[in-house]
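What you see is a predicted model; the values in this text were computed from it and never measured.
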There are 2 protein chains.
Amino acid sequence: MAVTIKDVAKAAGVSVASVSRALNGRDNVTDETRHRILDAASKLRYRPNDAARSLITRRTRTIGAVLPDLHGEFFSELIRGIDVAARAQGLHLLVSSSHGDADEATAAIRSMQGRVDGLLVMSPHVDASFLHESLPEALPAVLMNAPPEPSRFPTLNLDNHGGAFAMTRHLLARGCRRIAMIGGPAGNLDADERRRGWLDALAAASLARDALLLDGDFSEESGHAAGLRIAALARRPDAVFAANDMMAVGCLIALAEHGVHVPGEIALAGFDDVPIARYVTPQLTTVRVRIADLGRAAFNRLVAELEAPGTLPVRSEVLPCEIVVRASSGTT
Amino acid sequence: MAVTIKDVAKAAGVSVASVSRALNGRDNVTDETRHRILDAASKLRYRPNDAARSLITRRTRTIGAVLPDLHGEFFSELIRGIDVAARAQGLHLLVSSSHGDADEATAAIRSMQGRVDGLLVMSPHVDASFLHESLPEALPAVLMNAPPEPSRFPTLNLDNHGGAFAMTRHLLARGCRRIAMIGGPAGNLDADERRRGWLDALAAASLARDALLLDGDFSEESGHAAGLRIAALARRPDAVFAANDMMAVGCLIALAEHGVHVPGEIALAGFDDVPIARYVTPQLTTVRVRIADLGRAAFNRLVAELEAPGTLPVRSEVLPCEIVVRASSGTT
DNA sequence: CCGCATAATGTAAACGTTTACATCCACTCG
DNA sequence: CGAGTGGATGTAAACGTTTACATTATGCGG
């Protein structure tokens with residue numbers, strides 16, 4: 001049916017071994033025969049069979065990305081970062097997403113086994129330790145947004161704590177004293193760290209006792225609900241720090257609906273710097289995370305592991321965040 | 001090394017053939033032996049080797065998605081739609097992107113050959129006919145946003161013309177008479193169709209001669225530039241229809257900077273209904289396209305082809321759009 | 001009881017590569 | 001001029017499955 005290495009060998013009048021050598025750029029082939037082989041190959045439009053190749057080489061030249069979801073700007077950026085890094089290395093990218101819980105993620109990982117040379121896993125759930133058992137011993141993997149603690153795997157995290165700490169300091173520096181936070185979903189590591197950063201900054205200013213924490217789940221709706229609660233408060237905070245931008249936006253809308261002026265009466269800040277942050281009125285002060293960088297860095301770490309298995313120290317890296325001050329925490 | 005089918009066979013005291021049969025759910029195996037085999041397999045944590053399997057079955061249980069880019073909400077949604085459909089079928093998804101031109105896309109397609117059972121290709125370039133030659137004869141493929149014309153492949157398109165036509169009619173119905181358009185990049189099929197829909201609607205109202213078309217390339221910046229030009233016009237249009245939302249947003253900002261009131265002085269509409277459309281002030285009237293549906297529909301069409309190769313008619317489908325009226329084309 | 005259909009299981013070939021090893025050949029050097 | 005050397009090439013095994021075909025066991029009708 002399809003043209004195989006044998007056909008090329010026959011056409012070039014050599015053995016399959018020589019064809020294989022020529023095509024893989026080994027040096028022990030005469031220039032003349034190599035040329036003849038390449039000629040025949042392109043004439044026949046020969047394409048090596050990847051299945052056969054990876055059967056024997058035990059390499060797929062593919063890496064897998066296991067993500068909790070694909071929705072929204074965040075994952076779009078992340079995949080993009082991974083993708084450009086992968087294509088630069090000539091590696092393929094297998095994606096799998098929509099994993100509400102660790103079970104689904106486990107299933108995804110299992111089904112990828114054997115199809116990929118390595119895995120990029122994002123699992124912002126606290127039950128991520130679960131994953132360690134389901135990750136096959138031999139398969140290199142890099143974790144993203146995972147608890148850095150007891151891992152056999154290198155881990156890359158955003159500096160959630162640092163970003164939140166810096167943002168809270170910024171709000172304090174702007175004169176705010178009652179800085180409320182809208183928290184993220186329970187059991188989400190990023191959310192936990194952001195909350196911790198906020199609280200630590202308050203504590204450093206001896207304001208922790210006053211701290212007001214409102215429930216949220218990263219959705220715009222939950223931010224809106226929190227905004228309503230804030231608007232109804234007798235004694236309102238003078239700043240609100242939402243654990244992500246979408247909640248900040250929801251909160252902003254709720255406050256606007258109740259005639260609460262931002263930043264005049266309440267300063268507002270988010271986290272992530274999604275594109276929408278620049279388009280709301282007033283523009284949203286937020287913490288920028290270089291998401292594509294995170295993807296690229298994780299990928300590169302994985303490639304390093306693939307190239308020199310077991311030689312690199314398993315360590316946990318933290319990518320810095322940067323605060324972006326816009327009108328929502330501005331002067332007026 | 002890894003546990004193979006032979007190990008399972010040995011452990012269960014049967015031949016490899018029986019193991020294969022049991023695991024693949026063939027009926028010609030005793031319940032008793034099947035049970036013994038399944039037991040042994042799970043005890044050994046056996047995972048079939050996909051490479052070996054696809055080598056002989058000539059199936060990879062993977063489909064490839066070749067996209068021009070991964071950036072932004074649009075592709076995020078698209079991949080998401082494809083991904084959920086794929087996981088429902090137990091198929092894997094291989095993605096490849098960042099194809100500025102047809103050459104790169106061709107390279108991507110070639111490199112996917114043999115790794116996938118079928119291909120989902122989005123190529124909004126007019127030079128897409130190029131692709132036909134590089135797509136291997138035997139590989140099923142479904143095209144998205146491609147010229148429906150001379151294709152061996154089924155094609156799914158958004159109803160760009162219909163959406164633009166309907167939106168222009170809406171603006172006309174609101175009393176606008178001088179409806180300018182900010183066009184998309186040259187050679188982009190979606191952009192062409194949207195422009196055509198706009199022009200046809202104007203022609204139907206005998207207003208085509210007046211039609212003002214401004215250059216754009218789908219970027220926010222180009223929309224902003226167009227907005228500046230409009231603001232500077234002696235005789236301004238009373239409505240602007242941008243070929244996508246990001247340009248509409250850019251235009252909106254430019255107009256705001258020059259104190260042109262939207263929708264008071266100029267009504268504004270976009271296309272795509274990206275999330276940002278709801279967050280700008282005023283909220284943006286736009287054409288909603290169910291992007292995830294597009295992905296899912298294309299995927300399903302591909303699966304149909306995979307299951308019954310060559311039996312389905314090669315036809316071109318068009319997915320409807322729906323206009324969403326918000327404040328930017330509102331009464332005030 | 002014998003042969004025969006039927007069902008369960010085993011044997012081995014095939015899939016298309018890569019690669020260890022064998023072979024061959026042309027030199028070089030003593 | 002012959003043995004040795006080394007480089008190019010060929011041969012064949014191996015990778016881990018699936019599956020056509022062969023074999024064996026089982027039950028049944030004559």
Side-chain angles (χ1 to χ4, degrees), chain A residues 1-41 44-62 110-111 113-117 136 138-139, chain B residues 1-41 44-62 110-111 113-117 136 138-139:
Chain A
M1 175 91 55
V3 30
T4 79
I5 198 173
K6 288 183 191 167
D7 301 320
V8 178
K10 202 168 296 174
V14 296
S15 75
V16 293
S18 293
V19 177
S20 174
R21 284 188 276 254
L23 263 42
N24 291 333
R26 303 303 175 85
D27 50 355
N28 47 357
V29 184
T30 313
D31 279 354
E32 194 269 328
T33 41
R34 158 167 292 136
H35 188 74
R36 211 166 63 235
I37 290 168
L38 262 41
D39 247 28
L44 295 174
R45 294 170 148 272
Y46 168 68
R47 275 284 307 167
N49 181 308
D50 287 311
R53 183 178 282 189
S54 42
L55 173 57
I56 195 154
T57 61
R58 295 164 168 292
R59 287 234 156 188
T60 62
R61 302 206 52 76
T62 302
R110 290 170 78 101
S111 83
Q113 183 161 354
R115 297 178 177 271
V116 298
D117 294 338
L139 194 62
Chain B
M1 175 93 53
V3 31
T4 80
I5 198 174
K6 288 183 190 165
D7 302 319
V8 178
K10 202 168 296 176
V14 296
S15 74
V16 292
S18 294
V19 177
S20 175
R21 284 189 276 254
L23 261 41
N24 291 334
R26 303 303 174 84
D27 50 355
N28 47 356
V29 184
T30 314
D31 278 355
E32 194 266 329
T33 43
R34 157 167 293 135
H35 188 75
R36 210 167 62 235
I37 290 168
L38 262 43
D39 248 28
L44 294 173
R45 294 169 147 271
Y46 168 67
R47 275 282 308 166
N49 180 308
D50 288 310
R53 183 178 282 188
S54 40
L55 175 57
I56 194 154
T57 61
R58 293 162 171 293
R59 288 233 155 190
T60 62
R61 302 205 53 76
T62 302
R110 290 170 78 100
S111 83
Q113 183 161 353
R115 296 177 178 274
V116 298
D117 294 340
L139 193 62

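- A:Glu32 has its CD atom 19 Å from the P atom of D:dG7, to the nearest Å.
- Protein atom CZ of A:Arg34 is 13 Å distant from nucleotide atom C1' of D:dT9, rounded to whole Å.
- Looking only at distances, no side-chain donor or acceptor of A:Arg61 sits under 3.5 Å from a matching main-chain atom of A:Ser54.
- The side chain of A:Asn24 sits closest to C:dT18 out of C:dT18, D:dT17, D:dT18.
- Close to C:dT18, at under 4.0 Å from its OP1 or OP2, lies a side-chain N or O of A:Arg53.
- In this model, the phosphate group of D:dT11 is not approached by any side-chain N or O of A:Ser15 to a distance below 4.0 Å at OP1 or OP2.
- Residue B:Arg47 contributes atom CZ, which lies 13 Å from atom C1' of D:dG16 at whole-angstrom precision.
- Side-chain proximity of B:Ala17 to D:dT18, D:dT19, C:dT9: nearest is D:dT19.
- Between A:Arg58 and D:dG16 there is a side-chain N or O to OP1 or OP2 distance below 4.0 Å.
- For C:dT18, the OP1/OP2 oxygens have a side-chain nitrogen or oxygen of A:Ser20 closer than 4.0 Å.
- When the C1' atom of C:dC15 is taken as reference, atom CG of B:Leu55 falls 4 Å away, rounded to whole Å.
- Pairing each heavy atom of A:Asn24 with each of A:Arg53, the nearest pair is OD1-NH2, 4.0 Å.
- Ranking C:dT17, C:dT9, D:dT17 by closeness to the B:Lys6 side chain, first place goes to D:dT17.
- Nucleic acid contact class of B:Thr33 (heavy atoms, under 4.0 Å, all strands): sugar-phosphate only.
- Remark: side-chain polar atoms of B:Arg115 are not paired, donor with acceptor, to backbone N or O of A:Asp50 under 3.5 angstrom.
- Within the model, atoms CZ of B:Arg110 and CZ of A:Arg45 stand 6.5 Å from one another, a figure rounded to the nearest 0.5 Å.
- Following rounding to the nearest Å, B:Ile5 (CD1) and D:dT19 (P) show an atom-to-atom distance of 11 Å.
- Between the CD1 atom in B:Ile5 and the CG atom in B:Leu44 there is a gap of 12.0 Å [rounded to 0.5 Å].
- Close to D:dT19, at under 4.0 Å from its OP1 or OP2, lies a side-chain N or O of B:Arg26.
- Both B:Ala52 and A:Val14 lie close to DNA chain D; mapped to their nearest nucleotides by heavy-atom distance, the more 5′-ward contact belongs to A:Val14.
- Of the residues B:Ile37, B:Leu38, B:Val8, the one that meets the side-chain contact (heavy atoms from CB on, under 4.5 Å) test with B:Tyr46 is B:Val8.
- Across C:dT17, C:dA20, D:dG16, the shortest atom-to-atom separation from the side chain of A:Asn49 is found for C:dT17.
- Rounded to whole Å, atom P of D:dG16 lies 16 Å from atom CG of B:Leu23.
- For C:dT9, one of the phosphate oxygens OP1 or OP2 lies less than 4.0 angstrom from a side-chain nitrogen or oxygen of B:Thr30.
- Distance B:Ile56 CD1 to C:dA13 C1': 8 Å, rounded to the nearest Å.
- Nearest nucleotide to the B:Arg21 side chain, out of C:dT18, D:dT19, D:dT17: D:dT19.
- Distance B:Asp50 CG to D:dC15 C1': 14 Å, rounded to the nearest Å.
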